[in-house]
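One structure is given here, and the rest of the page talks about it.
All chains are named by letter (A, B, ...) in the order of the sequence lines, taking the proteins before the strands, and each is independently numbered beginning at 1. These figures come from a predicted structure and were not determined experimentally.
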Amino acid sequence: MPPRELPIYELENAVVGSLRAQGRLIVQAPTGSGKSTQIPQMLFNHGLLAERGEVVVLQPRRLAARMLAKRVAEEVGTRIGDVVGYQIRLESRVSEKTRIRFVTEGILLRQMSFDATLRGVSAIVFDEFHERHLYGDISLARAVQIQQTTRPDLKIVVMSATLDAGALKSYLAPCEVLVSQGRSFPVRVEYLTKTANFEQEPVWDVAARECARVAGQTSSGDFLVFMPGAYEISRTVQAIQGDRALRDFICFPLHGELPPEQQDRAVARYEARKIIVSTNVAETSLTIDGVTVVIDCGLARVARFDPNRGINTLLIEKISVASADQRAGRAGRTAPGVCVRLWTEREHGGRALQELPEVKRLDLSEVVLTLKASGIDDVGAFPWLEKPDAKGLERAEMLLADLGAVSAVSKERDEGTPPTPGRITEVGRRMLRFPVHPRYARMLIEADARGCVRPVALMAALTQGRSFLMRGVPKDVEDAREDTLGEEHESDFFLLMRVWRFADKASYSMDACRRLGIHAQGSRAVGPLFEQFLEIAEKEGLDVSEQRVDGVAVRKCVLAGFSDQLAKRLDAGTLRCELVHKRKGTLARESAIQKATLLVAAEVSEIGGRGGEVNTLLNLVTAIEEPWLKELFPDDYVNATTVSYDESAKRVVARRERRFRDLVIEAKASADEVPLDAAAALLTQQVLAGNLKLEAWDETVEQWIVRVNRLAEWFPELEVNSLTEADRATLVEQICYGELGYKDIRDKPVMPTLRDWLTAEQLAVIDDYLPERLTMANGRKSRISYAKEGPPVLSARIQELYGVEGKFTLGNGRVPVKIEVLAPNQRPIQVTDDLTNFWREQYPKVKAELSRRYPRHEWR
DNA sequence: GAGCACTGC
């Protein structure tokens, strides 16, 4: 189609007019409308750029940047790199003459962080903004800031296929939204009428049943089934192949871990109708022709970063409405289609509209460092389009401080007050020159001091992209790996290096790579990155000379970058580990480092299993020697005798303990003497927490404490100190003093210690003033109970009270006593403070009733 | 029966 006939040209006048008036614009238009190629040209042709200014078009993918530049160059009629150019990592085709420049997201953000005025840039176009990549969000926010301050003439255009334009519009206000409609084939969406319970009927069985049902209603077109992962896919394929109604179909699995030829087989065209069972690869990246039926289970595995624990998670979640629409659209590429959703319409209404933007899901440390380099210290106050969780920002600040990239964040602070924002340090600025995660940047700087920049640069390059070592390979591949690569006991990084060297030597040949289970494409990308890192390192004055590789030096660099992921093996026999920060994890099966007792994991991921159980896996492991901890982090390594309470022995013991931050590396009982006050304090803690019970501390003791407190209250002239909760702890501590174990304190008398609370004079009167028992006029003794509040209470059965009259008092008549009259069964029937009154008023009625119920008792 | 898919400097 000639460019002028593209649907986007309906908007030409509006685009130009709006940008002249406001400098900000949102364009909403679907794929195929021509917006990516034509809007930059409109800006250029209508004089919206300064005399030699350029329009920078932001693309999320390198391939798109390159292809779009090529197309636009053809349309403009120049060679690429002339008026129209592109710039992506490791590749730049621009010149002095370039006025339309397609770039990928990282390029623009770097340009902004090194030149805050964006000299030479007249306009920025953000394409595919709905994908909401982290760098897209940040770049837009920075562009708006720059426009508001130093560059009011800068034009900003945000474009997307689908967009929640409301939030964006108010973020960019004042700003117009222009909409262009697209064209596509209709897809009829069907829902289940009843919620499926995948616990009872597995998702693969439901999917196969729906396939069979729809197959009976259609006579042509292929099927595409979406599943969350490889395991569910293989079960679905089995279920489909076992279904007689589907025997005319051929069925293929499709996911990223499959070898390329199997992926090709799934996508190829056949005479017979086919069913492809796929992960999300088929949602966006792969297009499959001929599909008219989509069966969508509505689930996907989603990767996130949990800032609370500093752990990556990969768990099965419900997909959003936008993602479900994208999947449904796969049925309407070539003809009208059907999409069956394995959930109800009602449940659909409760789903999230969009996936969470990256800024809510990813580790933010690199972005925070970039912002601080631009002078934005308080990143919480940055005008985020969508503000990340405070926890995520805090986590990033902490990591950067640990790495020395940011001046230390004060760790002891009051609950609720935000941390003081740290400032970027000189080391932080040097780190930022390297386009890698701050952990690896820090390792490169450490490597300079230890003479191992080359291997560390290679390690950084090896971990940039996807892992290129296939998992779960067959036994023969495993054996081939071991034969070719040898054993490794020090670091998974070293094994990866050997894998890459092997692939590099074999010129990334498919055959050689397949033999060892290597993704050829992935390993091919390592070399150029390695070169780039070495180039930057050299420019930064690091020592990049070839040296004999010192494995110890390299492993120390790994420790410098990942000290917060130090782990200790719990037992020689298990893979379970304990990490710094009270986390737990399991050594991954595919790690070669199965024997180390102390290690650092460069990858910590939480993975959801089939039955919903969750596992934290430690991967990309490096064995660590304990003395390095002291060498690299002298302030965090402790080797001291500590005194602690041993729960199983119920005893305070001295231990020789070696610790890194809060991770105990080893604790051994020590013959050292235990200081008695420390022992008493620890035992007291256990007693007060209710874990240990002092048998002698009974109800009588509690009553005694109440009596002391009431004595202080009612007889202030005695100057008795009342006994508070804190005093109680002091008393327990006094009782425990001199003892080490529970067996020493369990039956230890407590009253002697408690009696010491009072002076001799006070002791002399307490039993007199506030006695435990009171002798009444008839000669009988009755118990008196004291409570924290209210008068003392004398309780006695009616028969015990015969012959007693009037009121009772204690303490020389100062404290009136309540009398609780009990029935023969000890149940209270009346509370009174005057017995004479009771005998006269209530007793006759009580007697009538009770004497009938208890005829064998005496009733006067 | 441990583990989606991407992408960028």
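In terms of heavy-atom proximity, A:Val427 sits nearest to A:Gly404 at CB-O, 3.7 Å.
OP1 and OP2 of B:dA2 both lie 4.0 Å or more from every side-chain N or O belonging to A:Thr586. Contact annotation: A:Arg61 side-chain N/O to B:dT7 OP1/OP2 distance is not under 4.0 Å. When the side-chain nitrogen and oxygen atoms of A:Thr279 are compared with OP1 and OP2 of B:dA5, one or more of them lie within a distance under 4.0 Å. Residue A:Arg62 places at least one side-chain N or O closer than 4.0 Å to OP1 or OP2 of B:dC9.
A donor-acceptor contact under 3.5 angstrom links the side-chain atoms of A:Tyr231 to the base of B:dG1. One cannot find a donor-acceptor pair under 3.5 Å joining the base of B:dA5 and the side-chain atoms of A:Asn280. A donor-acceptor contact under 3.5 angstrom links the side-chain atoms of A:Glu590 to the base of B:dG3. A donor and an acceptor atom never sit less than 3.5 Å apart when one is taken from the side chain of A:Arg89 and the other from the base of B:dG8.
The 5' end of DNA chain B is approached more closely, in terms of each residue's nearest nucleotide, by A:Gly256 than by the other of A:Gly256 and A:His437. The 5' end of DNA chain B is approached more closely, in terms of each residue's nearest nucleotide, by A:Thr313 than by the other of A:Ile107 and A:Thr313.
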Can you give me every donor-acceptor pair (side chain of residues 438-445 of chain A, partner residue at least two apart or in another chain, under 3.5 Å) with its distance?
residue  : atom : partner  : partner atom : Å
A:Arg439 : NH1  : A:Gly561 : O            : 3.0
A:Arg439 : NH1  : A:Asp564 : OD1          : 2.8
A:Arg439 : NH2  : A:Asp564 : OD2          : 3.0
A:Arg442 : NE   : A:Leu403 : O            : 2.9
A:Arg442 : NH1  : A:Glu446 : OE1          : 3.2
A:Arg442 : NH2  : A:Glu446 : OE1          : 3.2

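Rounded to whole Å, the distance from CG on A:Asp127 to P on B:dG8 is 14 Å. Atom CD of A:Gln326 and atom C1' of B:dA5 are 13 Å apart (whole Å). Rounding to whole angstrom units, CG of residue A:Leu63 and C1' of B:dC6 are separated by 14 Å.
Residue A:Ala303 is in base contact, counting any heavy-atom pair closer than 4.0 Å across all strands shown. Using a 4.0 Å heavy-atom distance criterion, A:Asn312 is classed as making no nucleic acid contact.
Listed by first and then second residue, the salt bridge (charged side-chain N to carboxylate O under 4.0 Å, His left out) pairs that reach into residues 309-323 of chain A are A:Arg304-A:Glu317, A:Asp306-A:Arg309, A:Arg309-A:Glu606, A:Lys318-A:Glu347, sequence neighbours excluded.
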Please report the C-alpha distance between A:Arg62 and A:Glu91 in whole Å, then the side-chain angles of each, then the deciding distance to 0.1 Å, and finally whether the salt bridge (charged side-chain N to carboxylate O under 4.0 Å, His left out) criterion is met.
CA-CA 10 Å; A:Arg62 291 189 207 167; A:Glu91 201 178 331; over 6 Å; no
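Less than 6.0 angstrom separates the ring centroid of A:Trp204 from the ring centroid of A:Tyr231.
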